[in-house]
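This report concerns only the one structure given below.
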Amino acid sequence: MARVKKFLTAGLGLGVLGAGASAIYGLAHAHSYRVRRRSLLVPHSDGEALRIVHISDAHTLARHAKRLTFLRKLGEMRPDLVVLTGDMISEDAALEPVLDALDPLLDVPGVFVFGSNDYLAPRFRNPFGYLVSPSNVGSDSSSAKTRELRWREMRAAFEERGWLNLNNQRGRLDVCGWTLDFVGVDDPHLDYDAFPAPDSEAVPASGPYARIGVTHAPYTRVLDAMVDDGCSLIFAGHTHGGQVCLPGGRALVTNCDLDTEFASGLFTWPRDDHGSAAGAGGEPDPSGQIAVLKGDGAVISHSQPGSRAAGSAWVQVSAGIGTSPYAPVRTFCPPEAIVLDVIPFRD
């Protein structure tokens, strides 16, 4: 009996040590920031390369000095365009530090949409609940327990520096010889999305052109609507890449209706019932599916950007930079910002 108790005690001790080590790893991994570098080659007879920095889900607290330093250093990437897909702050006190960290990028043409945690302070949620349903199921965003954040001030600060507000709006920018039409929606996770009415601006007769969709949460209804609208490139965040993943970065959840295979990365949309791309560019993997580019790398689009005939889009879902302050861990899913170079080539 004493021997059995000894083994049980040893086993319990090893379990506690393992859980402690996992927690320490998850906490440290959550601050292992990295820049993903990707290239999208698109057929076009002329035009310059377009560098886009994609930022999402920083969930910043004022004390996050390392995270704020990472945001500031993104200006060193020398982007031509900044795309911000929401959830930048987790408390009111973080607004000024975030704006200060983004200051170099606010001199660059940019577009933005908001996520739920730009509007509302985060609340504790049982982490295991995400395995059952997205966090908006059964929640009441109008509850008196949910405190509103300083999103109006953040919106005004972005707009004053010339960034386009794409929350249920459209816009156009001329960047590096490209004409870029944008369509964005407010956060679908809170059902704030209302797809903007069709635009009346004519597509330029010459020069590189692209229509770009921007959303915080990559719900399939939004991705479908943006493809139908003629987008050839879509940016989203929200998923945190699954945040707590299995080895190999295998996500368990996306916190929306997107399949876990697409919790992060660059991939084509729509997908057919077997997971392969419907009418999209890229090279299939041995299974016949179009692979999801999770890390650094390059893909080739066989469709002219802005061509409505293509019927598909490249979608980039960022794993995000931060986490909820109530779940500050990541496993096998490092925080990221993404540099995407769109490079024209002669087909």
Side-chain angles (χ1 to χ4, degrees), residues 53-61 64 67 71 82-92 94-95 98-99 101-102 110-123 125 130 134-137 139-143 146-159 163-169 182-195 212-223 226 234-243 253-258 262-264 315-328 330 335-338:
V53 165
H54 180 195
I55 300 170
S56 197
D57 297 272
H59 293 280
T60 313
L61 298 174
H64 285 153
R67 189 171 306 171
L71 285 172
V82 179
V83 175
L84 191 150
T85 49
D87 276 5
M88 290 302 295
I89 58 175
S90 285
E91 63 179 2
D92 285 339
L95 179 58
V98 164
L99 292 176
L102 291 176
V111 298
F112 70 94
V113 293
F114 283 154
S116 59
N117 286 141
D118 293 309
Y119 293 116
L120 305 169
R123 292 187 296 172
R125 175 179 166 86
Y130 290 94
S135 59
N136 60 343
V137 175
S139 65
D140 181 7
S141 63
S142 65
S143 169
T146 303
R147 183 170 52 82
E148 192 174 74
L149 294 175
R150 297 165 62 190
W151 63 271
R152 293 179 183 84
E153 294 172 64
M154 183 161 55
R155 179 186 63 188
F158 290 161
E159 291 178 337
W163 280 15
L164 294 183
N165 176 2
L166 295 179
N167 289 293
N168 296 333
Q169 297 188 63
F182 295 93
V183 57
V185 293
D186 206 343
D187 188 15
H189 195 61
L190 294 178
D191 292 324
Y192 285 178
D193 55 306
F195 205 82
I212 298 175
V214 184
T215 178
H216 173 64
Y219 279 83
T220 58
R221 69 178 186 272
V222 176
L223 301 184
M226 288 179 170
I234 300 170
F235 292 90
H238 174 71
T239 64
H240 295 192
Q243 188 168 322
V253 296
T254 62
N255 201 20
C256 64
D257 65 352
L258 195 64
F262 313 114
S264 66
V315 178
Q316 178 161 279
V317 177
S318 172
I321 295 173
T323 67
S324 166
Y326 295 109
R330 283 179 177 259
E336 65 181 23
I338 306 166

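Hydrogens, waters and symmetry mates are skipped; everything else that's a heavy atom, side chains included, is used. Predicted, not measured: the structure shown is a model, and the values here were computed from it.
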* ring-ring contact (aromatic ring centres under 6.0 Å, His included) partners for F114, two or more places apart -> F112, Y119

* Asked: Which residues pass the ring-ring contact (aromatic ring centres under 6.0 Å, His included) test with H59, sequence neighbours left out?
  -> H240

If you measure from [atom1] on [X] to [atom2] on [Y], what distance do you get to the nearest 0.5 Å?
X    : Y    : atom1 : atom2 : value
T215 : H189 : OG1   : NE2   : 11.5 Å
R155 : R150 : CZ    : CZ    : 14.0 Å
T220 : D257 : OG1   : CG    : 3.5 Å
D187 : D118 : CG    : CG    : 8.5 Å
D57  : H216 : CG    : NE2   : 5.0 Å
R221 : M226 : CZ    : CE    : 11.0 Å

Between [X] (side chain) and [Y] (backbone), is there a donor-acceptor pair under 3.5 Å?
X    : Y    : result
D87  : S116 : yes
T60  : A94  : no
E153 : L95  : no

* To do: Under the side-chain contact (heavy atoms from CB on, under 4.5 Å) rule, what do V82 and L102 come out as? Steps first, then yes or no, please.
  => CA-CA 10 Å; V82 179; L102 291 176; over 6 Å; no

* **side-chain contact (heavy atoms from CB on, under 4.5 Å) between S56 and H238, intermediate numbers included** => CA-CA 8 Å; S56 197; H238 174 71; over 6 Å; no

* Asked: Is D92 salt-bridged to R147, cutoff N-O under 4.0 Å?
  -> yes

Apply side-chain contact (heavy atoms from CB on, under 4.5 Å) to [X] and list each qualifying residue two or more places apart in sequence or on a separate chain.
X    : value
P122 : S90, N117, S324, P325, Y326
Q169 : N165
N168 : V185, D186, D193, A194

So, for [X] and [Y], which heavy atoms are closest and what is the spacing to 0.1 Å?
X    : Y    : answer
T239 : P218 : CG2-CG, 3.9 Å
I321 : E336 : CG1-O, 3.2 Å
V317 : G237 : CG1-O, 4.0 Å
I89  : L149 : O-CD1, 3.9 Å

* Asked: Looking at H64, R67, M88, which one forms a side chain to side chain contact (heavy atoms under 4.5 Å, CB included) with V98?
  -> M88

* Which residues satisfy the salt bridge (charged side-chain N to carboxylate O under 4.0 Å, His left out) test with E148, sequence neighbours excluded? -> R152

* side-chain contact (heavy atoms from CB on, under 4.5 Å) between Q243 and N255, worked out -> CA-CA 10 Å; Q243 188 168 322; N255 201 20; over 6 Å; no

* To do: Run the numbers on F235 and I212 for side-chain contact (heavy atoms from CB on, under 4.5 Å), then give the verdict.
  => CA-CA 8 Å; F235 292 90; I212 298 175; 3.7 Å; yes

* To do: Report the relative orientation of the aromatic rings in W163 and F158; use parallel for angles under 30°, tilted for 30 to 60°, perpendicular for over 60°.
  => tilted

* Asked: Can a donor-acceptor pair be found between the side chains of H54 and T85 at a distance below 3.5 Å?
  -> yes

